[in-house]
Amino acid sequence: MTNEAGAHHDGASEGDRDHGFGRHESTEARADRQWSEMLQEVRVAQTGAQILFGFLLSVVFTPRFAYLGSFDRSLYVVTVVLGALATGALVAPVSFHRTLAGHRRKPQLVRVTGRLIATGLGLLAGAIVCAVLLLLRVALGTGFAWVIAVGVLIWFACCWLALPVVLRRHLERAQ
């Protein structure tokens, strides 16, 4: 519906129309939908972070850990810390929701938790790359481990950053 000036008053935000989503939803309905989508996304990432973190916690109790050199021990510490930080960032939306539930702040909650999820994914990628490096240094030696770990990092950068950006630009040009 439009008024005399041609402005839309159909409940869709300007951002929705600007990006061609064509949804006719209020700000609150959009926030509810985005929140539900974010919860589904974070469930996948949380599971990966928690499995990796649990595995890392058990490594220190293996007999082979005592034979690691100082670099590998330091790398282990960095990997565990990255895993813990990733887990914290990816579980944080639950705490935010519990704290803010019923305060009619879902749009703000969606923005903040979106940033936390992005941060958590970055930390998770760092933890995985460090874990790959640590495991492969023990299994293969130093040279190949670094090459493969850098390859894994490049893979994550392509899959998690470059491809979505390229797709978004392609879709924006197609409009």
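From a predicted model like this one, the values you see are computed outputs, not experimental measurements.
A continuous path of ILVMFWY side-chain contacts below 4.5 Å connects Trp146 to Leu68, so both sit in one hydrophobic cluster. Under a hydrophobic clustering in which Ile, Leu, Val, Met, Phe, Trp and Tyr are joined whenever their side-chain heavy atoms come within less than 4.5 Å, directly or via other members, Ile154 and Val147 fall into different clusters. Grouping the Ile, Leu, Val, Met, Phe, Trp and Tyr side chains by contacts below 4.5 angstrom, directly or via other members, places Val150 apart from Leu75. Both Leu135 and Leu57 belong to a common hydrophobic cluster when Ile, Leu, Val, Met, Phe, Trp and Tyr are linked at side-chain heavy-atom distances under 4.5 angstrom. Side-chain heavy atoms closer than 4.5 Å link hydrophobic residues (I, L, V, M, F, W, Y) into clusters, and following such links, even through other members, never connects Val81 to Ile51.
Leu171 belongs to a hydrophobic cluster whose other members, connected by ILVMFWY side-chain contacts under 4.5 Å either directly or through intermediates, are Leu167. In this structure, Leu161 stands alone, with no Ile, Leu, Val, Met, Phe, Trp or Tyr side-chain heavy atom under 4.5 Å from its own, directly or through other members.
Evaluation of the ring-ring contact (aromatic ring centres under 6.0 Å, His included) test over residues 62-95, restricted to residues two or more places apart or in two chains, returns Phe65-Tyr76. The stretch residues 150-175 participates, sequence neighbours left out, in these ring-ring contact (aromatic ring centres under 6.0 Å, His included) pairs: Phe156-Trp160. Residue pairs that meet the salt bridge (charged side-chain N to carboxylate O under 4.0 Å, His left out) test with at least one member in residues 135-145, sequence neighbours left out, are Asp72-Arg137.
In terms of heavy atoms, Ile117 sits closest to Val42 at CG1-CG2, 3.9 Å. The two residues Gly120 and Ala89 have their closest heavy-atom pair at CA-CB, 3.6 Å. For the residue pair Ala92 and Leu116, the shortest heavy atom distance occurs at CB-CD1, 3.7 Å.
The side chain to side chain contact (heavy atoms under 4.5 Å, CB included) with Val110 is formed by just one residue from the set Arg33, Arg30, Met38; it is Met38.
The line from OG1 of Thr79 to CG of Leu56 is 6.5 Å long, rounded to the nearest 0.5 Å.
Checked against side-chain hydrogen bond (donor to acceptor under 3.5 Å, both in side chains), Ser74 has no partners two or more places apart in sequence or in another chain.
Side-chain atoms of Leu124 and Leu52, non-hydrogen and from C-beta on, do get closer than 4.5 Å to each other.
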